[in-house]
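First up is the structure itself, then whatever we jot down about it.
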2 protein chains.
Amino acid sequence: MARRDRGRGERTRDALRAAAYRLFLRDGYDGTPVARIAAEAGVSHMTFFRHFPTKEDVVLRDDHDPLLERLVRERPPGEPPVARVRAAVALALPEVYARERENLLLRARLILDAPALRRRMGDSMRGSQDAFERGLAPGSPDDPPLAVRAVAAACTAALAEAVTAWARDGGTGHLPDLADEALAALQDRPGERA
Amino acid sequence: MARRDRGRGERTRDALRAAAYRLFLRDGYDGTPVARIAAEAGVSHMTFFRHFPTKEDVVLRDDHDPLLERLVRERPPGEPPVARVRAAVALALPEVYARERENLLLRARLILDAPALRRRMGDSMRGSQDAFERGLAPGSPDDPPLAVRAVAAACTAALAEAVTAWARDGGTGHLPDLADEALAALQDRPGERA
DNA sequence: TCCCTGGATGTTAGTGGCTAACACGTTAGT
DNA sequence: ACTAACGTGTTAGCCACTAACATCCAGGGA
């Protein structure tokens, strides 16, 4: 009870995810039926869907959100909201990038060339968007004002473009720089940059 | 040859869309199989898919993009890019709103309460996003720079939040105002607005 | 006028994502 | 051990979507 229950359930879930990535890499997303993933993980078709609501969800998940929320909240509330998000990302991303570059790139590439996944990229960033909302409007837990929603959605979309650009040419660039560039573009004033 | 070919093809397409909306309203999106839509329109199952690549596409399409592109391009390039988009939307939306309020609301409500559609809302605004990109970067037709992509994606996302907020409480508010509020939130400087 | 070529449509037969219903085994708390 | 709960398996089925091939219809040229 003390430690997270991490029982058989979690283990099957991990096995499924691992099997899925292995097969996606080898045969492509569309070329890999759920049934095959389940077989590879040694479980049945149905067990897969008990762990992931849809096939797409095996890929589209992400966990570094609480950190972002905290960082956004800690920026001075006087700052323009986009600037707060930008600063938070500038603090959080380099570390995540250093630690998980390979993982991020693999996921991004999968998403990019599976149409079904690209369509749902929005979902894959839903977590970050929520984190931004909570960080920007700590008061209204459930129903943030439109302005806050708009800023959170906009920054998330800009970040998605950065990730896309990064993955499109094979992870050549430095993701944290690209992300900062994307968010900076939202703030540009006449006279600044080019 | 002179006038747009608007032959049988276009008519079936329209019939399909009309049938789809009628049935979606009555039975809900998930409660309406494609086969039924086709039957209602007097054509076969397959004909549906020849006109719409997916069931979702019957709802997720939109045509007022060329106007947006022109308006964005006509704003002084010295202005910050978000401001250009904001101004263009402020010019274009009121007219569209006056003319098609009912249609917009219906579509938005359908999208809101069909999970399959909500997931793909990004796609439904893909057209506007492209229009913003072309308007902001008239030079690079095919591969706009990251900053342009980021701004276009961000503004599109902010607009989507406005539409969502508008439809969520039944179209009570004034959509053009909400849209402007959402885009303004991206520009807020310390000292302005609360 | 007749043909005949191309586009829109129909038919059939799949594949594969996803759900429902129900039975079974293993594990945990008592 | 007893039982309750949970994870799992089996089966059966719905539906979105695709492929392959047949058909029908309009319009242009012989």
Side-chain angles (χ1 to χ4, degrees), chain A residues 1-21 23-24 26-61 110-111 114-120 123-124, chain B residues 1-21 23-24 26-61 110-111 114-120 123-124:
Chain A
M1 198 205 301
R3 69 164 57 196
R4 189 65 151 292
D5 234 52
R6 183 147 206 88
R8 186 175 39 157
E10 304 275 329
R11 259 181 293 112
T12 353
R13 185 195 217 73
D14 292 346
L16 279 167
R17 204 188 321 256
Y21 271 86
L23 294 177
F24 288 166
R26 205 188 60 192
D27 304 329
Y29 180 85
D30 283 324
T32 309
V34 167
R36 188 137 48 208
I37 302 175
E40 176 91 2
V43 296
S44 96
H45 180 165
M46 275 307 301
T47 297
F48 178 94
F49 285 108
R50 281 198 261 267
H51 286 280
F52 302 96
T54 77
K55 180 184 176 187
E56 294 148 7
D57 286 284
V58 193
V59 182
L60 305 170
R61 289 301 159 185
L110 273 179
I111 294 177
L117 292 176
R118 212 175 334 161
R119 285 191 189 112
R120 287 197 50 195
D123 283 26
S124 99
Chain B
M1 195 207 297
R3 67 163 56 197
R4 188 64 149 293
D5 235 54
R6 183 151 205 84
R8 187 175 38 156
E10 305 274 328
R11 260 182 291 114
T12 334
R13 186 195 218 74
D14 292 346
L16 280 167
R17 204 188 322 257
Y21 271 86
L23 294 176
F24 289 165
R26 204 187 62 190
D27 303 330
Y29 180 84
D30 282 324
T32 308
V34 167
R36 187 136 48 205
I37 302 175
E40 177 91 2
V43 298
S44 95
H45 180 168
M46 274 307 301
T47 297
F48 179 94
F49 285 108
R50 280 199 261 270
H51 286 281
F52 302 96
T54 77
K55 179 183 176 187
E56 294 148 6
D57 287 284
V58 193
V59 182
L60 305 170
R61 289 302 159 183
L110 273 179
I111 294 177
L117 292 176
R118 212 176 334 161
R119 285 191 190 111
R120 288 197 48 197
D123 282 25
S124 98

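In this text, all values refer to a predicted model and were calculated from it rather than measured experimentally.
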side-chain contact (heavy atoms from CB on, under 4.5 Å) partners of B/R36, counting only residues at least two apart: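 B/R36 satisfies side-chain contact (heavy atoms from CB on, under 4.5 Å) with B/L23, B/P33 once adjacent residues are dropped.
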
Quick check: on DNA chain C, is the nucleotide nearest A/R36 upstream (toward 5') of the one nearest A/P53, or the reverse? Name the residue that is more 5'.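 In this pair, the answer is A/R36.
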
5′-ward residue of the pair B/V43/A/T54 relative to DNA chain C: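 Here B/V43 is the residue nearer the 5' end.
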
Round to a whole Å and report the spacing from [atom1] of [X] to [atom2] of [N].
X: B/D30; N: C/dT19; atom1: CG; atom2: P; value: 10 Å
X: B/L23; N: D/dC15; atom1: CG; atom2: P; value: 14 Å
X: A/D27; N: C/dT15; atom1: CG; atom2: P; value: 17 Å
X: A/F52; N: D/dG7; atom1: CZ; atom2: P; value: 14 Å
X: B/Y29; N: D/dA16; atom1: OH; atom2: C1'; value: 9 Å
X: A/R11; N: D/dG7; atom1: CZ; atom2: P; value: 12 Å
X: A/D57; N: C/dG17; atom1: CG; atom2: P; value: 14 Å
X: B/H45; N: C/dG14; atom1: NE2; atom2: P; value: 16 Å

Ignoring hydrogens, what is the shortest heavy-atom contact between B/D30 and B/P115? Give both atom names and the distance.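 Distance-wise, the nearest heavy atoms are OD2-CD, 4.2 Å.
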
Does B/T47 put a side-chain nitrogen or oxygen below 4.0 Å from OP1 or OP2 of C/dA8?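 No, no such contact exists.
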
Any side-chain N or O of A/T12 less than 4.0 Å from the OP1 or OP2 oxygen of D/dT8?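 True: A/T12 side-chain N/O within range (under 4.0 Å) of D/dT8 OP1/OP2.
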
Given C/dC18, C/dT9, D/dT8, the nucleotide with the shortest approach to the side chain of A/H51: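 The answer is D/dT8, which lies nearest to the side chain.
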
Given C/dA8, C/dC18, D/dT18, which nucleotide is nearest the side-chain atoms of B/F49?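 Per side-chain heavy atoms of B/F49, the pick is D/dT18.
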
Could you pull out the protein-nucleic contacts involving nucleotides 20-23 of chain C (nitrogen or oxygen on both sides, under 3.5 Å)?
none

Kindly list each side-chain donor-acceptor pair under 3.5 angstrom involving residues 52-59 of chain A, sequence neighbours excluded, with atom names and distances?
unit_1 : atom_1 : unit_2 : atom_2 : d
A/T54  : OG1    : A/E56  : N      : 3.2
A/T54  : OG1    : A/D57  : N      : 3.3
A/T54  : OG1    : A/D57  : OD2    : 2.7
A/T54  : OG1    : A/R120 : NH1    : 3.3
A/K55  : NZ     : A/Y29  : O      : 3.0
A/K55  : NZ     : A/T32  : O      : 2.9
A/E56  : OE1    : A/R120 : NE     : 3.4
A/E56  : OE1    : A/R120 : NH1    : 2.5
A/D57  : OD1    : A/R61  : NE     : 3.3
A/D57  : OD1    : A/R61  : NH2    : 2.5
A/D57  : OD2    : A/T54  : N      : 3.3

Rounded distance (nearest 0.5 Å) linking atom OG1 of A/T47 with atom CD1 of A/I37: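 It comes to 13.0 Å.
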
Roughly how far apart are B/R17 CZ and B/T12 OG1, rounded to 0.5 Å?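 Atom-to-atom, B/R17:CZ and B/T12:OG1 are 12.0 Å apart.
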
Within the structure provided, determine whether A/L117 and A/S124 are in side-chain contact (heavy-atom separation under 4.5 Å).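 Of all side-chain heavy-atom pairs linking A/S124 with A/L117, none is under 4.5 Å.
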
